[in-house]
Amino acid sequence: MTRAFGPEILDEVYQVILQRKATMPEGSYVAALFDQGWRQIGKKVVEEAGETIIAAAGNDPQRLAEEAADLIFHTLVLLAHSDTDPALVWEELAQRRR
């Protein structure tokens, strides 16, 4: 399997999240988040947003990238939990670029 690199990774990660949602494998972090529900997932999004801001203030590009990845990942989990296709987000972003 060829690994995506660049924006395509978002779709690849989202598909893995959906697979975890469908199978709920024991020991899966994503499955545990789904078990805890949207409130806990939302708390993780807020937590990761705060950590992203702190990383930006620390002027450490690698740490900022790590925290931004956590924020995006947990946002994708929230979208999957809410049965919301990320394509709706991409469409909204496309609308805003005008």
Which distance, rounded to the nearest 0.5 Å, do you find between the [atom1] of [X] and the [atom2] of [Y]?
X	Y	atom1	atom2	result
D35	I41	CG	CD1	9.5 Å
E51	L71	CD	CG	10.0 Å
L88	L93	CG	CG	11.0 Å
L78	T84	CG	OG1	8.0 Å
D60	I54	CG	CD1	13.0 Å

Keeping S28 on the side-chain end and M24 on the backbone end, is there a donor-acceptor pair under 3.5 Å?
no
Do [X] and [Y] touch side chain to side chain, with heavy atoms closer than 4.5 Å?
X	Y	result
L33	H74	yes
L18	Y14	yes
F73	Y29	yes
L76	P86	yes

Among pairs that include at least one residue of residues 15-28, which meet salt bridge (charged side-chain N to carboxylate O under 4.0 Å, His left out), considering only residues two or more places apart or in two chains?
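For residues 15-28, and leaving out neighbouring residues, the salt bridge (charged side-chain N to carboxylate O under 4.0 Å, His left out) pairs sorted by first residue read K21-D83.
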Linking I/L/V/M/F/W/Y whenever any side-chain heavy atoms sit under 4.5 Å apart, do V89 and I72 land together?
yes
Would you kindly confirm whether V13 and W90 end up in one hydrophobic cluster when ILVMFWY residues are joined by side chain heavy atoms under 4.5 Å apart?
yes
Which atoms form the tightest heavy-atom contact between [X] and [Y], and what is the distance?
X	Y	answer
A55	E67	CB-CG, 3.9 Å
D70	E48	CB-OE1, 3.2 Å
A31	P25	CB-O, 3.7 Å
V77	I17	CG2-CD1, 3.7 Å

K43 with E47: basic N within carboxylate O range, under 4.0 Å:
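Salt bridge between K43 and E47, a charged N being under 4.0 Å from a carboxylate O: no.
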Are Q15 and Q19 linked by a side-chain donor-acceptor pair shorter than 3.5 Å?
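Checked: Q15/Q19 side chains show no N/O donor-acceptor pair below 3.5 Å.
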